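The model shown is predicted, which means the values in this text are computed figures rather than measured ones.
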Amino acid sequence: MRKRSLAGAAVVAASAIALTSCSAGSDDPAADVDFSAAPTGALAAWGFENADDVGQSRLDYAAGQLPDVEVTLDATAFDAQKFTTRIASGDVPDVVQMDRRYVTTYAAQGLLIPLDACFEAEGVTPNERWYQNVVDDVTYDGGVYAVSQFYQPPAILLNMNMLNEAGVTPAEFDTSKMDGLLAAVGKIYQASGGTPSRLGFDPVATGQGGLWVLGMGGQLTDAEGKPTLDDPANAAGIDALKQITDAQGGYAAVKSFTDSFDTFGDANQFVKNQVGAQVANQWYPNVLGAYRDQVSLQAVPFRDAEGQPFSLASGTAFAIPVGAKNPAAACAWMTDLTSTDAWMAAGAARAATIESKGGLNTGLFTGSPEADAMIRDQFVVPTGDSGFDQVISTYYDVVESGKSFGSSPAGQDIQNELNNAITAVLLGDKTTEQALADAQQAAQRAYDNATAN
């Protein structure tokens with residue numbers, strides 16, 4: 001039986017707001033929403049793109065829990081410009097799926113309904129259902145604005161064929177000990193005519209830039225979400241990336257080489273021995289599982305400046321826009337999709353898919369500690385490959401060490417400006433200090449625009 005509380009109905013009006021009047025200073029947009037109402041009627045959802053076995057099984061589970069709700073699914077990808085246009089025109093979906101970095105931006109503009117009363121009505125305690133860092137990603141001004149899904153942490157994948165050939169041990173890939181790391185990189189790296197033919201380490205400088213900056217002691221935002229890209233502590237992570245890329249022919253050469261990787265294909269960088277180690281999110285071993293007879297893998301955690309395992313949250317979330325016509329059904333649908341039972345249905349579906357294809361089960365990383373543990377216990381069995389088993393274990397170990405990127409109304413802009421700064425430094429176009437100062441100016445403008453009254 002669904003747990004609903006009449007007290008949870010109190011929180012504010014979901015009347016449509018023109019973009020020109022939306023701001024952090026707008027009235028609370030949930031006051032007239034009765035999340036305790038029975039979930040019935042039509043529900044328009046947008047953004048559940050290309051549902052695979054994991055997605056479809058959860059959709060089926062939620063449908064079974066909500067027989068009186070008729071879901072219409074727009075499975076096209078989320079588009080930021082399209083979203084704000086739809087809000088302004090009144091063509092508002094009841095639920096929208098987006099990257100978590102967007103959530104605070106729209107919350108600050110008054111475009112999303114806070115979900116604290118939704119969670120109360122559904123009997124959900126956010127910091128119990130999800131990892132705290134996952135909740136932090138979608139928290140703004142004391143309220144939680146989205147229902148999160150997925151958290152696939154990064155770690156360092158090791159190509160043991162290349163490490164063994166070079167006489168390098170996994171322990172040498174310790175990001176808290178740069179001298180030893182650079183020595184290991186140098187033993188593996190090879191080039192021809194100044195062009196890399198194999199990398200000792202691909203740090204994924206722009207794709208994983210936040211990991212390096214935050215892991216080395218920096219911060220992207222303050223407690224209020226204001227950008228802090230010019231914090232001097234941010235230099236350490238960027239300088240580490242420059243050392244690593246300079247040791248392998250420079251960033252331009254490294255980037256050109258990694259852009260040529262057949263990442264998802266038969267000639268991927270591990271099969272072709274083009275990389276000794278690479279920062280990779282948890283999903284990538286699923287790709288490499290198809291090539292287990294050709295690769296030898298292990299993994300180590302990314303370590304922060306103090307030598308401790310460090311990881312960052314990332315993923316998507318469901319939110320209810322202001323002006324949604326059926327917020328009660330939206331609340332029930334979102335929380336059902338991310339319940340432990342829904343994730344167990346997904347775990348069973350994925351296990352069946354893997355068995356039919358003869359693949360390896362590396363687990364599902366859902367954003368929920370309870371679901372992660374139950375899926376691992378029931379479905380993640382020894383693969384018969386000790387290297388892959390060690391990789392799977394490493395990702396399960398590091399998921400507990402996760403931190404939030406920092407919730408900010410300018411979250412996506414901060415990420416973009418950080419990547420611009422990193423690129424400028426690695427190419428030698430700017431000093432670290434100047435690049436971060438320029439990035440801060442741009443990010444601050446975005447923050448000011450997002451929070452303007």
Side-chain angles (χ1 to χ4, degrees), residues 78-81 84 98-106 108 137 154 175 199 201-222 224-261 263 278-281 302 310 312-315 403-452:
F78 175 78
D79 178 270
Q81 184 174 357
T84 51
M98 64 183 73
D99 188 284
R100 292 202 286 268
R101 300 301 296 276
Y102 284 112
V103 169
T104 307
T105 300
Y106 297 129
D137 277 354
T175 46
L199 296 179
F201 184 26
D202 176 14
V204 193
T206 51
Q208 297 284 358
L211 177 72
W212 286 90
V213 170
L214 293 174
M216 296 299 108
Q219 64 168 11
L220 305 183
T221 67
D222 66 12
E224 297 178 353
K226 295 178 182 177
T228 57
L229 290 175
D230 58 352
D231 187 318
N234 291 338
I238 298 178
D239 291 344
L241 288 170
K242 185 162 178 58
Q243 286 182 281
I244 293 167
T245 53
D246 283 354
Q248 301 178 99
Y251 177 66
V254 169
K255 184 68 165 59
S256 177
F257 186 52
T258 58
D259 283 350
S260 73
F261 288 170
T263 301
Q278 186 177 46
V279 176
N281 286 343
F302 184 95
F310 183 85
L312 279 178
S314 62
K403 300 291 187 296
S404 171
F405 280 96
S407 173
S408 172
Q412 198 64 47
D413 293 282
I414 289 170
Q415 180 64 54
N416 293 340
E417 294 305 328
L418 175 64
N419 285 338
N420 290 340
I422 290 172
T423 301
V425 173
L426 300 191
L427 288 174
D429 295 338
K430 297 179 182 179
T431 65
T432 305
E433 182 180 13
Q434 185 59 58
L436 288 172
D438 292 346
Q440 174 65 20
Q441 287 185 346
Q444 186 65 50
R445 284 195 298 272
Y447 177 87
D448 291 341
N449 288 336
T451 58

Quiz item: If we only count heavy atoms from C-beta on, is the Gln208 to Pro154 side-chain gap below 4.5 Å?
Solution: yes
Quiz item: Which pairs, with at least one residue in residues 227-259 and sequence neighbours excluded, count as a ring pair (Phe, Tyr, Trp, His ring centres under 6.0 Å)?
Solution: Phe257-Phe261
Quiz item: Within the side chain of Arg101, is there an N or O that forms a donor-acceptor pair under 3.5 Å with the backbone of Gln412?
Solution: no
Practice problem: Sort and list the pairs that fulfil side chain to side chain donor-acceptor pair (under 3.5 Å) and have at least one residue in residues 209-218, not counting sequence neighbours. | Solution: none
Quiz item: Any donor-acceptor pair under 3.5 Å linking the side chain of Thr84 with the backbone of Gln81?
Solution: yes
Quiz item: Where is the tightest heavy-atom contact between Thr105 and Ala410, given as atom of each residue plus distance?
Solution: OG1-N, 4.1 Å
Exercise. Please confirm whether the backbone N or O of Phe201 pairs with a side-chain atom of Gln248, one donor and one acceptor, at under 3.5 Å?
Key: yes
Quiz item: Between Asp137 and Ser404, does a side-chain hydrogen bond (donor to acceptor under 3.5 Å, both in side chains) hold up when you go through it step by step?
Solution: CA-CA 6 Å; Asp137 277 354; Ser404 171; 2.6 Å; yes
Quiz item: With the threshold set at 4.0 Å, does a side-chain nitrogen-carboxylate oxygen contact exist between Asp222 and Lys226?
Solution: no
Quiz prompt | Side-chain touch Leu241/Ile422, heavy atoms, less than 4.5 angstrom | solution = yes
Self-check item: Donor-acceptor contact below 3.5 Å, side chain Gln440 vs main chain Pro227
Solution: yes
Quiz item: Of Leu220, Ile414, Val213, Leu211, which is the lone residue that meets side-chain contact (heavy atoms from CB on, under 4.5 Å) with Phe405?
Solution: Leu220
Self-check item: Lys403 side, atom NZ; Phe310 side, atom CZ - distance, nearest 0.5 Å
Solution: 6.0 Å
Quiz item: OG1/Thr206 to NZ/Lys255 distance, rounded to the nearest 0.5 angstrom?
Solution: 6.0 Å
Quiz item: Would Asp202 and Val279 count as a side chain to side chain contact (heavy atoms under 4.5 Å, CB included) if you check the C-alpha gap in whole Å, the side-chain angles of each, and the deciding distance to 0.1 Å?
Solution: CA-CA 7 Å; Asp202 176 14; Val279 176; over 6 Å; no
Practice problem: Using side-chain contact (heavy atoms from CB on, under 4.5 Å) as the criterion, point out the one residue from Ser408, Pro409, Ser407 that pairs with Thr221. | Solution: Ser408
Quiz item: Which value, rounded to the nearest 0.5 Å, describes the distance between Leu214 atom CG and Asn234 atom CG?
Solution: 7.5 Å
Exercise. Would you name the heavy atoms of Gly215 and Phe302 that are closest together and state the gap between them?
Key: CA-CE2, 4.2 Å
Quiz item: Are any side-chain N or O atoms of Ser256 and backbone N or O atoms of Ala252, one a donor and one an acceptor, separated by less than 3.5 Å?
Solution: no
Exercise. Return the minimal non-hydrogen interatomic distance between Gln219 and Thr228, and the atom names on each side.
Key: O-OG1, 2.9 Å
Self-check item: Criterion side-chain hydrogen bond (donor to acceptor under 3.5 Å, both in side chains) on Asp239 and Gln243, from CA distance to verdict
Solution: CA-CA 6 Å; Asp239 291 344; Gln243 286 182 281; over 6 Å; no
Quiz item: Hey, what do you get for CG (Asp413) to CZ (Arg445), rounding to the nearest 0.5 Å?
Solution: 10.0 Å
Quiz item: How many angstroms lie between CG in Leu436 and CD in Glu417, if you round to the nearest 0.5 Å?
Solution: 11.0 Å
Exercise. Taking Gln441 for its side chain and Ala437 for its backbone only, find out whether a donor-acceptor pair lies under 3.5 Å.
Key: no
Quiz prompt | Test ring-ring contact (aromatic ring centres under 6.0 Å, His included) applied to Tyr106 - qualifying residues, sequence neighbours left out | solution = Phe83
Quiz prompt | Asn420 side, atom CG; Asp429 side, atom CG - distance, nearest 0.5 Å | solution = 11.5 Å
